[in-house]
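Written out below as structure tokens is the structure these notes cover.
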Amino acid sequence: MKFNKVLENVTTYEAGKPIELVVREYGIDPKDIIKLASNENPYGTSPKVAQKIQELSKNMFIYPDDSMFELKESLASKFDVNESNVIIGSGSDQILEFCVHAKCNENSKMLMSKTTFAMYEIYGKQTGCQILKTQDDEHNLEQFSAMYKEHGADIIFLCLPNNPLGECLDKEDVYKFLETVDENTLVVVDGAYQEYASFKDENKKIDAKDLISKFPNAIYLGTFSKAYALGGMRVGYGVANEEIIKTLYKLRAPFNITTLSLAAAIEALKDEEFVQSCIALNFEEMKRYEDYAKQKGFDYIDSYTNFITLKFGDMYSSKEIATQLLKRGVIVRDLTGYGVNAIRITIGSQSQNTKVFSILDEVLEENK
Ligand SMILES: *Cc1c(COP(=O)(O)O)cnc(C)c1O
């Protein structure tokens, strides 16, 4: 059958392996599996959210409120913007998709960092647009500037902090770059891990309201999947000026969020204390990974997220290490497919991390 020709260049996104697969393939008991491959919050959902979901479970036959009024209002108040500045998506992934489809066709250009969130490129290729990438693995604004000057772009992605590497640009430098960007170029600031970055270092914090008032061509994206511990609920959002939001709305199907997801997100926003305590624990535990890497003599990237990227240089093959960890029930992300000999590990809970270190000890020993 003949399909849309642009799809010939599209690769399918490979999500972090689910627990179910490891059970099936390696016969490991689910309770012995440690899943640290998708940057979920290891402390689980806030108990207040879980209770709300139980209460609502009898309402599932009714369509959700398509205006999403309450969630938009909560987000508008969190960011001190108007509801007309907010759009909700099935994960921030869906907002990314809207942004790309709002800006790109086969004559367009998209600019991004070399090693960044894979979905930018996938959505781009769906439109047949040209994908431009800077040269370094980590975000490098001088390279962004040079490429922008040379080629221009219809849409630019800045992942702040960056997945899968964990680095984060300073706000000041980002703003200096944005001042040089044309008003017709949409700049997507992907803040999926902003809660972590701004906790660790004030200089990394991007305030959505400040961003969109200074740069009307920018959109800020956030998600409930990471710090807010709702990966299974699929809720994300975009904050931008009204013109951008209205345009993105044209791409949205009705009821794109479920009743339970909406309620979970609203409830999660009421329990900031839970989120902040998870973030604090995250950085305490991350320190253990840094010490571990130093002790074993390999490199890591200073991370502003809830994961850490361990670079093996010529000491080990990341693919081999990831496979052997998997056989022992530890799911991590191998970055070989991104052209980097590294693994990305989500920072787990204290007991998970302790187990990871002892299993990694064995695996590294065998690969010496
Ligand atoms: C996880 C993630 C997202 C979106 O996740 P959703 O679950 O779709 O909200 C977007 N960008 C980056 C960089 C991410 O890591």
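We count ligands from 1, going down the list as the structure has it; atoms in each ligand are counted the same way. The basis for the numbers below is simple: all heavy atoms, side chains too, and nothing from hydrogens, waters or symmetry mates.
- Those atoms of ligand 1 that come under 4.0 Å of a heavy atom in S225, given as number and element, are 6 (P), 7 (O), 9 (O).
- Aromatic ring orientation, Y148 versus F177: perpendicular (interplanar angle above 60°, classes split at 30° and 60°).
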Would you please test D170 and K204 for side-chain contact (heavy atoms from CB on, under 4.5 Å) and show each step?
CA-CA 5 Å; D170 279 357; K204 311 292 184 191; 2.7 Å; yes
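- Residue L178 comes nearest to L158 through the heavy atom pair CD2-CD1, 4.4 Å, listed as atom of the first residue, atom of the second, then distance.
- Scanning all protein heavy atoms for the shortest distance to atom 1 (C) of ligand 1 gives K226 NZ, 1.4 Å.
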Test salt bridge (charged side-chain N to carboxylate O under 4.0 Å, His left out) applied to R288 and E285, step by step
CA-CA 5 Å; R288 297 176 68 201; E285 288 298 309; 2.8 Å; yes
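- Under the 4.0 angstrom criterion for non-hydrogen atoms, G236 is not in contact with ligand 1.
- The aromatic rings of F283 and Y196 stand perpendicular to each other, their planes meeting at an angle above 60°, with 30° marking the opposite boundary.
- Nearest to atom 11 (N) of ligand 1 among the protein's heavy atoms is D190 OD2, 2.6 Å.
- In summary, the atoms of ligand 1 found under 4.0 Å from a heavy atom of G91, numbered by their order in the structure, are 6 (P), 8 (O), 9 (O).
- Neither the backbone nor the side chain of F224 comes within 4.0 Å of ligand 1, counting heavy atoms alone.
- You'll find the ring centres of Y193 and F307 inside the 6.0 Å limit.
- Residue contacts with ligand 1 for N163 involve side-chain atoms from C-beta outward but no N, CA, C or O (heavy atoms, distance under 4.0 Å).
- The shortest N/O to N/O separation between D93 and ligand 1 falls below 3.5 Å.
- Considering only non-hydrogen protein atoms, atom 4 (C) of ligand 1 sits nearest to S92 OG, 3.1 Å.
- Only the side chain of R234 comes within 4.0 Å of ligand 1, counting heavy atoms alone; its backbone N, CA, C and O stay farther away.
- Between Y237 and F79, the two ring planes are tilted [angle within 30° to 60°].
- Near C159, the atoms of ligand 1 lying under 4.0 angstrom from a non-hydrogen atom of the residue are 13 (C).
- Considering backbone and side-chain N/O of S90, none are found under 3.5 Å from N/O of ligand 1.
- Classification of E40 and K35 as a salt-bridged pair holds, one side-chain N sitting under 4.0 Å from a carboxylate O.
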